[in-house]
Protein chains: 2
Amino acid sequence: MSRPRIEDVAARAGTSPITVSRVLREPAKVAPATRARVTAAIAALGYIPNLSASSLASRRSGIVGLLVPTIDNSIFAATVQGLTDAVATAGLQLLLGDFRYSDEGERALVRALVGRQPDALVVVGVVRDRALREMLLGLDIPVIETWDLTTRPVDTVVGFSNREAGAAMARHFMARGRHRLAFVGGRDQRAQARAAGFAAALERAGAPSPVTEIVDGAAIAEGRRAVARILTIAPKTEGVFFSTDMLAVGGLIECQHCNIAVPYQLAIAGLGDQEIGRELTPALTTVRVPAYEIGKNAGEIVLSRLRGDPIGKRVLNLGFSIVERESTQARSAK
Amino acid sequence: MSRPRIEDVAARAGTSPITVSRVLREPAKVAPATRARVTAAIAALGYIPNLSASSLASRRSGIVGLLVPTIDNSIFAATVQGLTDAVATAGLQLLLGDFRYSDEGERALVRALVGRQPDALVVVGVVRDRALREMLLGLDIPVIETWDLTTRPVDTVVGFSNREAGAAMARHFMARGRHRLAFVGGRDQRAQARAAGFAAALERAGAPSPVTEIVDGAAIAEGRRAVARILTIAPKTEGVFFSTDMLAVGGLIECQHCNIAVPYQLAIAGLGDQEIGRELTPALTTVRVPAYEIGKNAGEIVLSRLRGDPIGKRVLNLGFSIVERESTQARSAK
DNA sequence: CTGAAAGCGCTTACAG
DNA sequence: CTGAAAGCGCTTACAG
């Protein structure tokens, strides 16, 4: 007793396969009586259409491929959620792949995803790898880059300026009387953009160049280690901007262990506005980023493109905001 | 210029489509010279096989469907990682779906996944819903349930006993002189099993029944609220077991805000052994669960079954362990 | 080691 | 409103 095919449903409903297919895809075009018989037959047999056959015949897979650097980072979870919320209404499914922050992994992943004939691709990040860009350009499906901005997207980019976020945080520190600063972040492009914006804003203001610590991953332990190093190398540091809230939490914890008063001796800020940062004492200043909205907008752009709407803006800047909490208060605030 | 097909590759290599297909699937069976020509043609054209066509013809999709309650919970991320690590070696891809802790969502998701003709299905949780069980039993593919145990799995279950974990934690508290206890957890089956085991162990020891707080989600804020409520309802409570570390972190934070000394006034424990619990002060006692190993083993079972190996154990208990840290130390330890 | 024929289960494009 | 024919791009099973 293998799985029923469309033909079995048709036989039971006393109609043809194509009518069954229509009931599934455009029921309004089928006479109510026929439709009822077909629906009953589908239910009776527990028929589930074979989407491989459907994809092959229609050249529409109903799949949106999503490439994320890693799935164990809850900050991207909101983006996945937003994207799901947007595309699920159209019956599209997400095929998720993590490339683990490697160009090579990303190429392999794209190849694997493309084999499934996705109707669109959404990428966390902006694609810089040349070979990958070429591959994506030749794909002839919408490709949405996210979580950053670029003047020349593969197709469309929706995100915010990580560079500007870094610069804004530098100004935030300086406005509170802190000029000897440090940056902690990973090797990925977004972290690098935040670092660059941070350093550039300091330079423009005539402040010293920031000490920069590169870390692997976003673990709390990495944040702790980074602060310890910074305070050894540059004991007069007055504030540290961490590329993610989890790293910043590590910073807060290390300070607590070493009896360094935050924010009075050292100010600390993160990025992501994760719940833990709000709940700790001192509460963590952070950059709130539109993670959910990025996913939602990306999904809506995908749907619009699949409908054949005219192409809108190629660069969609959703902005960010700085949420000031205790961890960066000015010393005078005491 | 649409995408090249196997026929285009064959033409360029001066051979037939079926030989190209063989080079892709079982290269050892093709003469080296032919293989070289085909490989060159594939590279030159940037050929990527259409996996919909491949699935349809071979009745093998190369997809493993994974159903998780939610993707924004980092504790499942380790399971996803383990599963990926195991199945990627065989060229299988994960199709991930989250059913958001609802039976209805789970049924819809299974239907959506099944349409893609997965070669196997892995579920976080044990399937209790009757309709879903029937559906899965009729599927005729390996179905692996995880993260709990049951005497009658749909097919095979790999996990640990949540009930036993709850009981073990109750004994842990009692061995440290705490008998007035409380439980905090969600509505999902695993949380309920932990609650039941916790209560049963207390009853067996003649301790009072635990106060039980049901929460929605695993947010820190929920943990805070739960502790506040417990201390209002039962101010003499000596220890609280939270169903997840994140909830327990909320418990720790609430105590800090209310000047309740942990563990001296109130002991706190979680489950999951997340990094944050190790780093906070007091460090959090927790149940370490084999999240990664569950995924890894599930993947290996899938591969074994697809190879056609004889079916092994239907119930694979990977156990758990209690990691004692400061948050549950005995009062006398001071 | 290689290939011609048939078919996987759908949908498209057309006809009526 | 409904259906017969052709075809989507692969692989299986067989033959040589």
Side-chain angles (χ1 to χ4, degrees), chain A residues 1-39 41-42 45-63 91 111-112 114-119 140, chain B residues 1-39 41-42 45-63 91 112 114-119 140 306:
Chain A
M1 51 139 253
S2 75
R3 291 232 272 285
R5 294 153 306 150
I6 201 168
E7 200 183 312
D8 304 317
V9 176
R12 191 177 229 273
T15 178
S16 70
I18 193 161
T19 298
V20 176
S21 174
R22 275 200 197 97
V23 169
L24 259 15
R25 290 174 300 110
E26 25 186 27
K29 292 193 180 172
V30 178
T34 317
R35 203 192 310 152
R37 272 184 292 129
V38 170
T39 308
I42 287 173
L45 296 174
Y47 171 68
I48 298 177
N50 181 329
L51 298 180
S52 292
S54 166
S55 302
L56 183 58
S58 69
R59 295 148 170 287
R60 277 277 230 135
S61 64
I63 284 179
R111 207 168 287 123
V114 167
R116 305 273 170 205
Q117 317 292 116
D119 295 336
D140 205 34
Chain B
M1 54 140 249
S2 74
R3 292 233 273 285
R5 296 153 305 153
I6 201 168
E7 201 182 312
D8 304 317
V9 176
R12 191 177 228 272
T15 179
S16 70
I18 194 163
T19 298
V20 175
S21 174
R22 274 198 198 100
V23 169
L24 259 15
R25 292 173 299 109
E26 25 187 26
K29 292 193 180 170
V30 178
T34 317
R35 202 193 308 152
R37 272 183 294 130
V38 170
T39 307
I42 288 174
L45 296 173
Y47 171 67
I48 298 176
N50 181 329
L51 298 181
S52 292
S54 166
S55 302
L56 183 58
S58 69
R59 297 146 169 287
R60 276 277 230 138
S61 63
I63 284 179
V114 167
R116 304 274 169 204
Q117 318 291 118
D119 294 336
D140 205 35
L306 295 181

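Computed from a predicted structure; not experimentally measured.
Neither OP1 nor OP2 of dC10(D) sits under 4.0 Å from any side-chain N or O of Ser55(B). One finds a side-chain N or O of Thr15(B) lying less than 4.0 angstrom from the OP1 or OP2 phosphate oxygen of dG3(C). Applying the 4.0 Å criterion to OP1 and OP2 of dT2(D), one finds that Thr34(A) has a side-chain N or O inside that range. Phosphate proximity of dG9(C) to Ser52(A): absent, as no side-chain N or O sits under 4.0 Å from OP1 or OP2. Taking side-chain N and O atoms only, Thr19(B) has a distance below 4.0 Å to OP1 or OP2 of dG3(C). Put simply, Ser21(A) has no side-chain N or O that comes within less than 4.0 Å of OP1 or OP2 on dC10(C). Contact check, Arg25(A) against dT12(C): a side-chain N or O comes under 4.0 Å of OP1 or OP2. Between Tyr47(A) and dC10(C) there is a side-chain N or O to OP1 or OP2 distance below 4.0 Å. Ser16(A) has a side-chain polar atom (N or O) that falls below the 4.0 Å cut-off from OP1 or OP2 of dG3(D).
Look at NZ on Lys29(B): it is 10 Å from P on dT12(D), rounded to the nearest Å. The nearest whole Å value for the distance from the CZ atom in Arg59(A) to the P atom in dC10(D) is 11 Å. The distance from atom CG of Leu24(B) to atom P of dT2(C) is 15 Å, rounded to the nearest whole Å. Taking atom CZ of Arg60(B) as the reference point, atom C1' of dC8(C) lies 16 Å away to the nearest angstrom. The distance from atom CG of Asn50(A) to atom P of dC8(C) is 12 Å, rounded to the nearest whole Å. Rounded to a whole Å, the CG atom of Leu56(A) is 17 Å from the P atom of dG7(C). One atom, CZ of Arg5(A), and another, P of dG9(C), lie 6 Å apart when rounded to the nearest Å. When the P atom of dC10(D) is taken as reference, atom CD of Gln117(B) falls 18 Å away, rounded to whole Å.
Using a 4.5 Å heavy-atom cutoff, the side chains of Leu306(B) and Arg60(B) are in contact. The shortest distance between side-chain heavy atoms of Ile63(A) and Gln117(A) does not fall below 4.5 Å.
The side chain of Ala53(A) lies closest to dG9(C), out of dG9(C), dT12(D), dC10(D). Taking the side chain of Val30(A) as heavy atoms from C-beta on, and the options dC10(C), dA4(D), dT2(D), the nearest nucleotide is dT2(D). Closest to the side chain of Ala31(B), from the set dC1(C), dG3(D), dT12(D), is dC1(C).
A donor-acceptor contact shorter than 3.5 Å is absent between the side chain of Ser21(A) and the backbone of Pro17(A).
In this structure, dA15(C) and dT2(D) make a Watson-Crick or G-U wobble pair, each of the two defining distances being under 3.5 angstrom.
Nearest heavy-atom pair across Arg116(A) and Gly62(B) is NH2-O, 3.5 Å.
Side-chain atoms of Arg22(A) come within donor-acceptor range of the base of dG3(D), with a qualifying N/O pair under 3.5 Å.
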